[in-house]
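Proteins come first, then strands; the chains are lettered A, B, ... in the order of their sequence lines, and each starts at number 1. What you see is a predicted model; the values in this text were computed from it and never measured.
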Amino acid sequence: MYSIKIFFGDWRKSMTDKERDLITDLSKCDFKPMNRYFMDLAEKNRNKTKEEKQKLKEANEAIINRTSGPLSGRGEHPKMGKLKKRIEAEDVIINCSKDSKIPQPPPGHKWKEVRHVNTVTWLASWTENVQNQVKYVMLNPSSKLKGEKDWQKYETARKLAKSIDKIRREYQQDWKSKEMKIRQRAVALYFIDKLALRAGNEKDEDQADTVGCCSLRVEHIELHEEKDDKNFVVVFDFLGKDSIRYYNEVPVEKRVFKNLQLFMENKKGSDDLFDRLNTQIMNKHLNELMEGLTAKVFRTYNASWTLQQQLDLLTNEDDTVAEKILSYNRANRAVAILCNHQRSVPKGHEKSMEKLKEKIEAKKDLIKDGERQVKDAQRDAKHGSVKEKMILDKKKKMLQRLKEQLTKLEIQETDRDENKTIALGTSKLNYLDPRISVAWCKKYDVPIEKIYNKTQRDKFRWAIDMAGPEYRF
DNA sequence: GTGTAGACTTAGTAGGTTTATG
DNA sequence: CATAAACCTACTAAGTCTACAC
């Protein structure tokens with residue numbers, strides 16, 4: 001409701017005087033004819049040829065380029081519905097090298113500025129009006145520059161792998177520190193490491209209320225001396241990035257538990273859990289422990305480490321390729337769960353599961369029938385001729401194929417159901433050192449195409465070129 | 001220290017396109 | 001060939017982190 005008000009306010013600002021006089025109440029606006037018009041149009045367009053559709057698409061893109069819609073932020077965004085201003089050449093800064101061909105603005109327009117700065121990577125930028133943020137045009141992930149950055153990121157994570165034992169010992173020691181600030185830092189770091197929580201920068205009032213580790217409030221955790229036969233359980237329940245809910249019941253060391261009790265003493269639910277801590281303090285400390293270390297490196301490290309562990313645990317040498325891929329997806333899934341990468345249940349999931357079950361039943365019936373046929377053929381072939389033996393052979397092969405199809409379906413069933421609320425893409429693209437996956441493919445003789453699609457192979461070209469067993473994580 | 005702008009990475013969704021299946 | 005499902009891409013919001021001013 002709030003966002004509708006904002007939208008209407010912004011819409012009125014963009015109206016002509018005449019329109020403003022006429023349109024004073026959004027609830028009196030009837031958009032149904034408009035909706036009907038576009039539905040009809042869509043219906044008509046459905047039957048058009050490929051070329052016609054392409055043309056329409058281009059025409060629509062041109063319209064979209066000239067207009068802008070309301071902001072649709074995620075979660076309870078205070079500015080939801082505010083109208084975004086359309087961007088003109090006059091808003092855009094171009095950044096390119098001096099000796100390059102400078103792109104031309106549309107006829108009758110001028111760029112805001114053309115600069116030649118080689119310490120940044122963006123090609124164009126402008127400021128978006130709703131949140132007053134700078135937006136950029138940047139290079140594709142498959143570019144050499146981004147590839148190099150990606151490689152660096154995983155190199156830092158591998159470096160952390162080497163000092164993680166020491167770092168863990170150290171923060172465990174700090175749980176006992178006399179200084180409150182250090183204790184808080186040590187407990188927060190434990191969460192970042194163990195639970196792969198995000199750093200948790202402070203946010204403005206005009207953004208959705210979401211938190212990460214350093215910005216956790218007292219109301220986001222519950223302490224239980226005992227829960228479901230486990231001792232010292234912390235229950236996390238908060239909205240993280242993109243307002244995705246993080247819920248986790250975690251048994252922790254007694255010392256952590258006691259510290260949390262201490263941090264919560266005499267505080268309201270809306271108070272900061274770590275009142276002596278923020279991300280700058282955390283990252284400054286981390287950088288002293290290891291060059292290049294920041295909070296997010298722990299997420300990368302733990303994600304890649306988990307993938308390697310799970311792959312080792314789940315893959316069997318003599319499995320079929322389909323079974324190996326299921327194992328890979330399960331390892332990937334373990335990482336997605338760790339990083340809390342969620343998605344909404346795909347629409348029609350329930351129905352598609354039912355259909356799959358029906359298919360499986362049908363296949364089982366076919367197999368039963370096939371077994372009967374093989375038996376009959378065996379009897380015929382016992383004293384029979386060459387021809388009858390050939391029939392038996394055929395039937396046996398048929399049965400074998402049916403059985404393979406059944407396992408494939410069953411694998412599909414588990415895979416789909418286990419995946420219904422979990423998004424694998426984000427971890428695959430941003431957290432898993434591709435060299436682990438490539439090395440695994442080589443070891444178990446799985447074609448890389450089964451793991452990475454074309455875009456992904458382009459992005460990870462740097463890893464595909466170099467990876468071998470030495471890149472185990 | 002604290003606040004803010006700028007640069008860059010990480011995130012989920014919509015919806016079109018390709019592929020599988022019967 | 002039709003349909004359904006899987007796959008893929010574009011989009012852009014929402015994080016992280018650094019640098020710099022005060």
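- Taking for each of A:Lys351 and A:Ser243 the nucleotide of DNA chain C with the nearest heavy atom, the 5'-most of the two is the partner of A:Lys351.
- Remark: the A:Asn329 side chain and the A:Asn419 side chain contain no N/O donor-acceptor pair separated by less than 3.5 Å.
- Side-chain N/O atoms of A:Lys241 and base N/O atoms of B:dT10 include a donor-acceptor pair closer than 3.5 Å.
- For the OP1/OP2 pair of C:dC8 and a distance below 4.0 Å, the side-chain nitrogens and oxygens of A:Asn453 include at least one atom meeting the criterion.
- Nearest-nucleotide mapping onto DNA chain B: of A:Lys149 and A:Lys181, the residue sitting toward the 5' end is A:Lys181.
- One atom, OH of A:Tyr246, and another, P of C:dG15, lie 16 Å apart when rounded to the nearest Å.
- Rounded to a whole Å, the CD atom of A:Glu128 is 14 Å from the P atom of C:dG15.
- Looking at the side chain of A:Lys135, the nearest of the listed nucleotides B:dT10, B:dA11, C:dA13 is C:dA13.
- Side-chain proximity of A:Arg343 to C:dG15, C:dT18, B:dT13: nearest is B:dT13.
- Of the candidate nucleotides B:dA11, B:dC8, C:dC8, B:dA11 has the atom lying nearest to any side-chain atom of A:Thr426.
- Residue A:Lys450 contributes atom NZ, which lies 11 Å from atom P of C:dC7 at whole-angstrom precision.
- Side-chain proximity of A:Lys84 to B:dA11, C:dC17, C:dA13: nearest is C:dA13.
- Residue A:Thr279 places no side-chain N or O under 4.0 Å from the OP1 or OP2 atom of C:dC17.
- Each of B:dT9, C:dG15, B:dA7 was ranked by its minimum atom distance to the side chain of A:Val120; first place goes to B:dA7.
- Place A:Met138 and A:Asn278 on DNA chain B by their nearest nucleotides, and A:Asn278 ends up nearer the 5' end.
- Residue A:Gly200 is in sugar-phosphate contact alone, with no base atom involved, counting any heavy-atom pair closer than 4.0 Å across all strands shown.
- Salt-bridge formation is detected for the pair A:Arg217/A:Glu219: a Lys NZ or Arg NE/NH1/NH2 atom is positioned less than 4.0 Å from an Asp or Glu carboxylate oxygen.
- B:dG12 atom P lies 10 Å from atom CG of A:Asn430, rounded to whole Å.
- At a threshold of 4.0 Å, the pair A:Lys153-A:Glu148 does not count as salt-bridged, since none of the basic side-chain nitrogens sits closer than that to a carboxylate oxygen.
- Each of A:Gln280 and A:Gly240 was matched to the nucleotide of DNA chain C holding its nearest heavy atom; the match closer to the 5' end belongs to A:Gly240.
- For A:Phe191 and A:Phe236, the gap between ring centers is short of 6.0 Å.
- Of the listed nucleotides (C:dT18, B:dG12, B:dA7), B:dA7 has the atom at the smallest distance from the side chain of A:Val134.
- Distance, A:Asn419 CG to C:dC7 C1': 13 Å, rounded to whole Å.
- Among the protein residues, A:Tyr136 comes within range of the nucleic acid bases, having at least one heavy atom under 4.0 Å from a base atom.
- Contacts of A:Asp242 with the nucleic acid, taken as non-hydrogen atoms under 4.0 Å apart, involve only primed sugar atoms and P, OP1 or OP2.
- Checking the phosphate oxygens (OP1, OP2) of B:dT10, a side-chain nitrogen or oxygen of A:Lys153 falls inside 4.0 Å.
- Taking atom NZ of residue A:Lys454 and atom P of nucleotide C:dC7, one finds them 18 Å apart after rounding to whole Å.
- If you check every strand for non-hydrogen atoms under 4.0 Å, A:Lys284 touches nothing.
- Note on A:Thr294: a side-chain N or O is less than 4.0 Å away from OP1 or OP2 of C:dC17.
- Residue A:Lys203 places its side chain closer to C:dG15 than to any other of C:dG15, C:dT18, B:dA7.
- Taking the charged nitrogens against the carboxylate oxygens, A:Asp275 and A:Lys267 do have a contact shorter than 4.0 Å, which makes a salt bridge.
- Distances shown here put a side-chain N or O of A:Thr210 below 4.0 Å from the OP1 or OP2 atom of C:dG15.
- Of the possible polar contacts, one joining the A:Lys459 side chain to the A:Leu429 backbone as a donor-acceptor pair under 3.5 Å is found.
- When distances are taken from the side chain of A:Thr455 to each of C:dC17, B:dA11, C:dC8, the shortest belongs to C:dC8.
- When rounded to the nearest whole Å, the span between CG of A:Asn132 and P of B:dT4 equals 12 Å.
- Side-chain atoms of A:Arg74 lie closest to C:dT12 of the nucleotides C:dT12, C:dC17, B:dA7.
- Residue contacts shown for A:Gln133 are absent, as no nucleic acid heavy atom lies under 4.0 Å away.
- Across the protein-nucleic acid pair, A:Gln207 atom CD and B:dG3 atom C1' stand 14 Å apart, rounded to whole Å.
- Nearest to the side chain of A:Ala295, among B:dC8, B:dA11, C:dC17, sits C:dC17.
- A salt bridge links A:Arg74 with A:Asp242: at least one charged nitrogen is closer than 4.0 Å to a carboxylate oxygen.
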